[in-house]
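Below: one structure, written as C-alpha cells.
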2 protein chains.
Amino acid sequence: MELKKVEKISKALADPNRLQILKSLHKKQACLYCSDINELIDLTQPSISHHLKQLTEAELIIAEKEGRNVKYTMNNKMIDQYVSFLLALKV
Amino acid sequence: MELKKVEKISKALADPNRLQILKSLHKKQACLYCSDINELIDLTQPSISHHLKQLTEAELIIAEKEGRNVKYTMNNKMIDQYVSFLLALKV
DNA sequence: TAGATGTATTGAAATGTTTCGATATGTTCT
DNA sequence: AGAACATATCGAAACATTTCAATACATCTA
C-alpha cells in the first residue's frame with residue numbers, strides 16, 4: 001500500500017466524529033444512512049456530509065446512492081489492507 | 001482501546017514524514033537516533049524533534065535516553081493494540 | 001410540474017498543525 | 001570549568017482542517 005494512501009486513511013481515522021461513525025456502522029452490523037448519522041452525532045448536516053466524504057474518499061466506507069438517500073457500508077477490505085501495512089512496520 | 005487513544009495514534013500516523021520515520025525504523029530492524037533521522041528526512045532539527053514527540057506521545061515508538069542521544073525503538077505492542085481496534089470495526 | 005425531502009457544495013470564521021530560526025537544556029570531553 | 005555536541009522548547013508564520021449558514025442539486029410524491 002502506498003504511503004500516500006496510508007496517510008489518507010490515517011487522516012480519516014484521526015477525528016472523533018469519524019471514529020464514532022465507524023463504530024456506529026459496526027454496531028448496527030449493517031449500513032447507515034446520512035439521516036441515521038444525523039441522530040447519532042451533534043453536528044449540522046453539512047459537517048456530517050464532510051466527514052462522510054473523508055471516510056468515503058479514504059475508501060474506509062462505501063457510499064451507494066439509493067433514491068434520494070445514500071447508503072454507507074463498511075469496507076472491510078480496506079481495513080485489512082491498512083492493517084497489513086501497519087503490521088509490516090513491526091520490527 | 002479508548003477512542004481518544006485511537007485518535008491520537010491515527011493523528012501520529014497521518015503525516016508523510018512520520019510514516020517515513022516508522023518505515024526507516026522497521027528497515028533498520030533496530031533502533032534509530034535523532035541524528036540518523038536527520039540524515040533521512042529533509043527537515044530541520046526542531047521539526048524532526050516535533051515529529052518524534054508526536055510518535056512518542058502516541059506510544060508508537062519508545063524513546064530512551066542514552067547519554068546525550070535518544071534511542072528510538074518501535075513499540076510493536078501498541079501497533080498490535082491499534083490493529084485490534086481496527087479489526088474490531090469490521091462488520 | 002410544483003413542493004417536499006435528502007444530500008452536496010460553497011465560502012468564511014475558528015481552530016489546529018507544521019515548519020523554522022533562535023535559544024535553552026542537558027551531557028560529554030578536555 | 002569551559003567548549004562542543006545532541007536534543008528540546010518557544011514563538012511566529014504558513015498551511016490545513018473543522019464547522020456552520022446559505023444555497024444548490026437531485027429525487028420522490030402529490
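These numbers come from a predicted model, not from an experiment. Throughout, a chain's letter reflects where its sequence line sits, starting with A, and its residues are numbered from 1.
In this structure, B:Lys71 places its NZ atom 15 Å from P of D:dA8, rounding to the nearest Å. Across the protein-nucleic acid pair, B:Gln54 atom CD and C:dT18 atom C1' stand 9 Å apart, rounded to whole Å. Residue B:Glu7 contributes atom CD, which lies 9 Å from atom P of C:dT17 at whole-angstrom precision. Put simply, CG on A:Leu55 is 16 Å from C1' on C:dT7, counting in whole angstrom units. With rounding to whole Å, B:Ile41 atom CD1 is found 14 Å from C:dT19 atom C1'. Straight-line distance from the CD atom of B:Glu39 to the P atom of D:dT7: 11 Å, rounded to whole Å. In this structure, B:Tyr33 places its OH atom 13 Å from P of C:dT28, rounding to the nearest Å. The distance between atom CG of A:Leu19 and atom P of D:dT18, rounded to the nearest whole Å, is 11 Å.
In B:Lys90, the NZ atom is crowded: over 12 heavy atoms of neighbouring residues, nucleotides or ligands sit closer than 6.0 Å. For A:Lys23, the NZ atom is loosely surrounded, since the number of other residues' heavy atoms within 6.0 Å does not exceed 12. Within a 6.0 Å radius of CD in B:Glu2, other residues, nucleotides and ligands contribute 12 heavy atoms or fewer.
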**Request:** Spell out protein contact along nucleotides 24-30 of chain D as letters: B when the base is contacted, S when just the sugar-phosphate is, - when no protein heavy atom is under 4.0 Å; keep the 5' to 3' order.
**Result:** --SBS--

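Two residues, A:Arg18 and B:Ser49, neighbour DNA chain D, and the one matched to the more 5' nucleotide by heavy-atom proximity is B:Ser49.
Residues B:Leu89 and A:Met74 share a closest heavy-atom pair of O-CE, 3.1 Å. Between A:Ala58 and A:Ala12 the shortest heavy-atom distance is CB-CB, 3.7 Å.
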Write out a two-atom table: protein N or O, nucleotide N or O from nucleotides 19-22 of chain D, distance below 3.5 Å.
unit_1 : atom_1 : unit_2  : atom_2 : d
D:dT19 : OP1    : A:Asn17 : ND2    : 3.4
D:dT19 : OP2    : A:His51 : NE2    : 2.4
D:dC20 : OP2    : A:Thr44 : N      : 3.1
D:dC20 : OP2    : A:Thr44 : OG1    : 3.0
D:dC20 : OP2    : A:Ser47 : OG     : 2.7

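The structure places CG of A:Leu25 at 4.5 Å from CG of A:Leu32, a figure rounded to the nearest 0.5 Å.
Using a 4.5 Å cut-off on side-chain heavy atoms (C-beta onward), B:Tyr82 and A:Leu13 make contact.
Using a cut-off of 4.0 Å between Lys/Arg side-chain N and Asp/Glu carboxylate O, B:Lys77 and B:Glu59 are scored as not salt-bridged. A salt bridge does not link B:Lys11 to A:Asp15: none of the charged side-chain nitrogens sits closer than 4.0 Å to a carboxylate oxygen.
At C:dG16, none of the side-chain N or O atoms of B:Lys11 fall inside 4.0 Å of OP1 or OP2 (strictly under the cut-off).
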